[in-house]
Number of protein chains: 4
Amino acid sequence: MTTNAKKKRIRQKPEERLAEILDISHKMFVEKGYEATSMADVAKQIGIVEGTIYRYFKTKKDVLISVLERWYNDALADYTHNLAGITGVKNRLHFMIWHHLNVLKAEPALCDMIVQHVRVGIDYEATKIFELNKAYSSNVDKIIKEGIQNNTFRSDAPITLIRDMIYGGVEYHAWRYVTGRSNRLDVDSIADQISDVVYRALLNTDNKGSGQPRQNDNSAILAKLEQLEQKLDKLS
Amino acid sequence: MTTNAKKKRIRQKPEERLAEILDISHKMFVEKGYEATSMADVAKQIGIVEGTIYRYFKTKKDVLISVLERWYNDALADYTHNLAGITGVKNRLHFMIWHHLNVLKAEPALCDMIVQHVRVGIDYEATKIFELNKAYSSNVDKIIKEGIQNNTFRSDAPITLIRDMIYGGVEYHAWRYVTGRSNRLDVDSIADQISDVVYRALLNTDNKGSGQPRQNDNSAILAKLEQLEQKLDKLS
Amino acid sequence: MTTNAKKKRIRQKPEERLAEILDISHKMFVEKGYEATSMADVAKQIGIVEGTIYRYFKTKKDVLISVLERWYNDALADYTHNLAGITGVKNRLHFMIWHHLNVLKAEPALCDMIVQHVRVGIDYEATKIFELNKAYSSNVDKIIKEGIQNNTFRSDAPITLIRDMIYGGVEYHAWRYVTGRSNRLDVDSIADQISDVVYRALLNTDNKGSGQPRQNDNSAILAKLEQLEQKLDKLS
Amino acid sequence: MTTNAKKKRIRQKPEERLAEILDISHKMFVEKGYEATSMADVAKQIGIVEGTIYRYFKTKKDVLISVLERWYNDALADYTHNLAGITGVKNRLHFMIWHHLNVLKAEPALCDMIVQHVRVGIDYEATKIFELNKAYSSNVDKIIKEGIQNNTFRSDAPITLIRDMIYGGVEYHAWRYVTGRSNRLDVDSIADQISDVVYRALLNTDNKGSGQPRQNDNSAILAKLEQLEQKLDKLS
DNA sequence: GATGAATGAGTATTCATTCAT
DNA sequence: AATGAATGAATACTCATTCAT
């Protein structure tokens with residue numbers, strides 16, 4: 001009953017403890033990076049002991065994944081709702097891209113960690129992040145399909161590839177920003193450009209007899225010419 | 001009179017030794033991965049001591065970078081030559097993409113190392129890899145500019161972004177293959193699709209009806225015909 | 001059923017573990033020298049793994065410094081007490097020198113390490129060793145000042161320099177012993193000689209003929225007599 | 001006979017090569033310190049190759065020792081001549097101390113190397129440095145003996161110890177300067193003070209019946225009183 | 001005399017994770 | 001539930017020196 005200088009064992013509700021671990025980890029991962037943050041650091045910051053963290057998480061990477069999942073889940077929380085309120089294939093595409101860029105811009109460090117530490121993991125595809133991402137990016141597929149349905153987009157649109165070009169393109173373009181090498185990322189402009197590119201690439205042109213189709217025929221002619229050339233080459 | 005365990009000091013020409021180190025390192029990095037390969041392993045495999053490697057390279061990462069540079073340099077060696085022989089904006093774009101996919105397909109492990117170990121480094125932009133890459137991908141820019149010049153492409157084509165969408169898209173799409181999670185990568189199909197998407201997205205639609213697509217291909221055809229004519233001239 | 005090689009995890013109180021590490025390190029440093037003692041050696045000797053040592057010390061040098069601090073602290077533990085019981089400037093000086101020589105004589109190897117490894121360090125002056133030493137050697141200053149106060153010593157005695165000549169002289173003289181090149185160190189004789197030299201060098205000679213030497217000793221004698229008187233008082 | 005870009009083998013007279021090695025080594029040792037200077041550095045600086053150095057010196061430490069010997073020899077070159085021109089025991093002592101301080105002040109880094117790297121070596125006493133030093137410091141002995149001869153100094157002067165107190169004191173005092181921690185060293189003042197201390201400590205006082213001798217008697221009285229005190233203590 | 005490629009030995013340190021208390 | 005002491009595994013790098021050419 002005397003005053004004891006020793007650490008007081010503060011027992012907390014599991015959920016609170018869990019949230020606390022995630023909060024502090026999140027903060028420290030962002031501040032110092034994943035690798036530079038030690039479990040001891042995190043524990044000390046919370047005022048607990050390493051072992052305690054391991055009652056809640058199996059490994060350090062689990063902590064990271066949980067942090068990222070929680071954040072990613074929140075980051076993707078209301079886009080569905082917002083997307084629902086947007087009409088027009090192009091607008092909807094634009095929104096998806098714009099939203100994704102905003103996510104990158106808001107938490108570049110966490111995005112980087114997904115790329116660097118989670119997506120490379122052999123078990124990535126068992127991850128909730130993967131699931132979230134799949135669901136998230138599948139919206140692009142849906143939008144394109146909608147576009148095909150209503151004849152805005154041509155029926156042979158390479159959906160998967162377009163999706164990859166969007167997300168890959170965004171990621172590639174934002175790379176310097178995400179890794180902290182640049183501090184400029186013009187979300188609006190990029191979203192405009194990408195959605196425009198996609199829109200133009202998929203636009204249905206069958207209805208007016210002009211344009212591209214003939215295009216293809218020309219390339220066939222070119223191929224033929226090349227064959228001729230080769231034959232001539234052999235002659236000489 | 002039995003086998004003598006004493007190491008014989010074998011003196012070799014620096015270039016040969018260097019090549020040897022790069023060869024073995026290359027092999028082992030691909031086989032076991034960068035981190036799992038120890039300098040001691042490499043040295044033993046060559047039949048020298050670790051210290052010798054450090055006469056040629058400052059750090060292990062330097063070895064990796066040299067391996068990658070050498071390979072990447074070779075991988076990009078003749079594409080310029082080949083590209084020169086290809087006419088038509090679309091064909092040229094297609095070739096660039098197709099070539100890049102082939103590079104990825106041929107050495108997925110090395111590509112992965114560039115992404116995982118080199119591109120994340122703070123000094124990446126001082127790397128020869130970076131330079132090679134810049135020169136390499138700038139060809140896409142050039143091709144698009146050519147397309148704009150001859151009115152195939154619209155003048156407001158977002159060049160940089162297209163480049164990012166191409167390379168980002170390729171990388172994103174090939175990700176599972178590069179990381180060894182998939183063993184299928186349909187180079188031709190992807191190249192077709194991406195180049196088609198890009199082509200369509202950039203196509204100049206300003207001209208009335210007949211317009212410039214035809215013009216474009218006509219000029220390519222004309223160019224080809226000129227070449228043919230020249231060859232015929234030589235024959236006679 | 002034979003001896004099981006598996007290490008049993010023995011948990012110990014931090015203070016005990018710490019002391020154990022210091023004890024063994026002390027022993028091995030003295031026996032083999034600092035550089036020739038590897039952390040692995042120390043750990044094995046204790047029956048723990050290297051990592052455990054690093055829970056208690058940041059670096060190997062930290063271990064050394066701690067060993068030296070602990071020892072030096074003990075070595076200087078009761079000299080203050082003893083010094084207090086000694087009267088007469090000369091006797092007090094003599095004691096300081098004699099004591100220092102004893103410290104050197106008792107642990108020449110550790111003294112050597114202070115000189116070789118600690119005092120050369122750029123951060124020596126942030127060391128507890130430095131502090132201890134400062135406090136320790138400042139006694140010489142005090143004694144000289146006392147001597148000046150009671151007119152035994154001349155008022156222009158170069159205090160700092162005398163201190164340096166004492167400690168430098170001792171160190172220089174004991175050098176061969178400390179470095180193990182000689183095994184003879186006549187503590188009493190050296191202490192006598194040095195204190196005598198200092199005493200003579202500082203003696204106040206300003207007073208005419210009879211003067212202050214006598215005065216000095218007289219005051220010491222008077223002080224002593226007063227003490228005696230007090231004791232006699234207590235007896236009665 | 002054609003221009004050859006390969007390194008020209010410049011053959012030099014051995015003495016010149018030797019001097020060159022010593023010059024460059026000297027320079028680099030002073031600039032970067034002994035340990036931080038690699039043989040490769042030195043060789044490159046000269047424009048030769050490591051192996052060549054080893055044709056002139058057996059080990060790196062040999063190079064250091066030669067550098068130091070050469071320098072030390074020069075530094076002590078003319079002091080004998082100058083000393084010869086100085087009369088009076090005190091003046092001569094003062095000169096020795098002053099000269100030594102000047103040596104320290106001129107090349108603190110080299111002095112430090114003698115202390116750190118040469119004097120600790122097991123073979124120090126086989127060194128020319130040791131010899132030089134012995135010859136050098138023996139002058140102090142001689143001067144004191146001269147003083148004794150002409151009755152300036154008392155006949156029981158502790159010669160060796162005085163020498164140690166001089167050199168040890170100087171070294172101790174100059175420590176911070178020599179190790180680069182301080183950039184102030186008041187040569188004249190220190191030389192004055194030390195020589196004065198020594199002079200006073202050794203001064204012959206027998207001729208005038210006053211002073212110190214009685215002094216000693218007093219301490220005998222004190223000792224007696226202490227004995228009395230102890231007896232009284234036992235009584236109580 | 002010179003070269004310079006090759007040697008070789010040596011070890012401190014980190015930290016996620018475990019498990020006895 | 002919490003503690004926190006102990007584990008353990010793993011390796012890049014340096015450079016004085018040698019010796020085959």
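Values in this document were obtained by computation on a predicted structure and should not be read as measured data. These numbers come from the heavy atoms of this one structure, side chains and all, not from hydrogens, waters or symmetry mates.
In this structure, the CZ atom of B/Phe57 is 17 Å from the C1' atom of F/dT14, given to the nearest Å. Atom NZ in B/Lys13 sits roughly 16 Å away from atom C1' in E/dT3 (whole-Å rounding). Rounding to whole angstrom units, CD1 of residue C/Ile21 and P of F/dT7 are separated by 10 Å. The distance between atom NZ of D/Lys32 and atom P of F/dT14, rounded to the nearest whole Å, is 13 Å. When the P atom of F/dT3 is taken as reference, atom CD of C/Gln12 falls 22 Å away, rounded to whole Å. Taking atom CD1 of A/Ile53 as the reference point, atom C1' of F/dA1 lies 15 Å away to the nearest angstrom. In this structure, B/Ile10 atom CD1 and E/dG4 atom C1' are separated by 17 Å, rounded to whole Å. What separates CG of D/Leu64 from P of F/dC15 is a distance of 16 Å, to the nearest Å.
By the neighbour-count criterion of 12 heavy atoms within 6.0 Å, atom NZ of B/Lys32 is densely surrounded, having more than that number from other residues, nucleotides or ligands.
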Letter by letter from the 5' end, nucleotides 9-16 of chain E scores (B base, S sugar-phosphate only, - none; protein heavy atoms under 4.0 Å) ---BBBBS
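Residue C/Arg17 has a polar side-chain atom (N or O) positioned under 4.0 Å from OP1 or OP2 of F/dA6. Note on B/Tyr56: every side-chain N or O is 4.0 Å or more away from OP1 and OP2 of E/dA5.
At least one side-chain heavy atom of A/Ile114 sits under 4.5 Å from a side-chain heavy atom of A/Trp71.
Among the candidates A/Thr37, A/Asp41, A/Val63, A/Ile46, the single residue satisfying the side chain to side chain contact (heavy atoms under 4.5 Å, CB included) test with A/Ser25 is A/Val63. The side chain to side chain contact (heavy atoms under 4.5 Å, CB included) with C/Arg17 is formed by just one residue from the set C/Leu22, C/Ile53, C/Ile48; it is C/Ile48.
Under a 4.0 Å N-O distance rule, the pair A/Lys128/A/Glu131 does not qualify as a salt bridge.
Among pairs with a residue in residues 60-71 of chain A, those fulfilling salt bridge (charged side-chain N to carboxylate O under 4.0 Å, His left out) read A/Asp23-A/Arg70, at least two apart in sequence or across chains.
Side-chain atoms of C/Glu107 and C/His26 form a donor-acceptor pair, as typed in the model, at a separation below 3.5 Å.
Nearest heavy-atom pair across D/Phe130 and D/Tyr124 is CB-O, 3.3 Å.
For DNA chain F, the stems formed by at least three consecutive Watson-Crick or G-U pairs, with both atom-pair distances below 3.5 Å, span E:2-21 with F:2-21.
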Trace of the side-chain contact (heavy atoms from CB on, under 4.5 Å) decision for C/Leu18 with C/Phe57
CA-CA 9 Å; C/Leu18 195 77; C/Phe57 298 95; 3.8 Å; yes
